[in-house]
Structures are given as C-alpha cells and as structure tokens.
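Only one structure is covered here, and it is reproduced in the block below.
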Amino acid sequence: MQLQKKYAPLLNAQAQTFESAYKNSDMRLDVRRAISKLTKRQREMIVLRYLADMSESQAAEVLKCSIGTVKSTTHDALEKMKMTVEVKP
C-alpha cells in the first residue's frame, strides 16, 4: 500500500506524458493533412519558413520572389491551415 503511494506521482506523470504525446501525435497528423491541402507554393513557404526556420528574406531568395510575396503567401497558407486544423483543448 505504501509502495503505491510512493510511486503514484510517477505513475500519474507517466500517464499525463503519454496523454500529451498522444494529443501531440494527433496534432502532427492534423498539421500534415492541412499542409497537404495547400498549393505547392504555399507548402514551399510553410516548409521554408517554419520547418527550415528561414527568414522571409532567405525564403524569398530560395524561391526567387519578393519578400512581399513570401509574407502574403505565408499568411494565406496559415489562414487556410487554421480552417483545416481543429484545435483540441
């Protein structure tokens, strides 16, 4: 009985960690689905800006476009993704 009390916080923490990881894996799948629904150009922007962690000017240089195009295309892509991804509490 005392052993259960001693390890209860650890078991609760592990359960919470597992639940958190499960929710995060669901979110990752949602984000992947949302990205797959973007246009090719929007996907490129999201990948370069957020996954490759490039600045707007770096992404513009790679894609051979203006910084304004990077800003507007990224904004449009994020708005489209927001409508696709369901935020879960």
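Around the NZ atom of Lys80, the shell of radius 6.0 Å holds more than 12 heavy atoms that belong to other residues, nucleotides or ligands.
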Verdict with reasoning, Val70 to Arg49, per side-chain contact (heavy atoms from CB on, under 4.5 Å): CA-CA 9 Å; Val70 171; Arg49 292 283 291 123; 3.9 Å; yes
From CA spacing to verdict: side-chain contact (heavy atoms from CB on, under 4.5 Å), Tyr50, Val31: CA-CA 12 Å; Tyr50 297 100; Val31 170; over 6 Å; no
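At least one donor-acceptor pair under 3.5 Å links the side chain of Ser72 to the backbone N or O of Thr69.
Side-chain contact between Glu79 and His75 is present, with at least one heavy-atom pair separated by less than 4.5 Å.
When all heavy atoms are compared, the tightest approach of Ser55 to Gln58 is N-OE1, 2.7 Å. Nearest heavy-atom pair across Arg43 and Leu38 is NH1-O, 2.5 Å.
Note that CD1 of Ile35 and CG of Asp30 are 11.0 Å apart. Values are rounded to the nearest 0.5 Å. Rounded to the nearest 0.5 angstrom, Glu44 CD and Thr39 OG1 are separated by 8.0 Å. If you take CE on Met45 and CD on Glu56, they are separated by 10.0 Å, rounding to the nearest 0.5 Å. For the atom pair Lys40 NZ and Gln42 CD, the distance stands at 13.0 Å (nearest 0.5 Å).
With Arg41 as the partner, the side-chain contact (heavy atoms from CB on, under 4.5 Å) test is satisfied by one option alone out of Asp76, Ile46, Leu63: Leu63.
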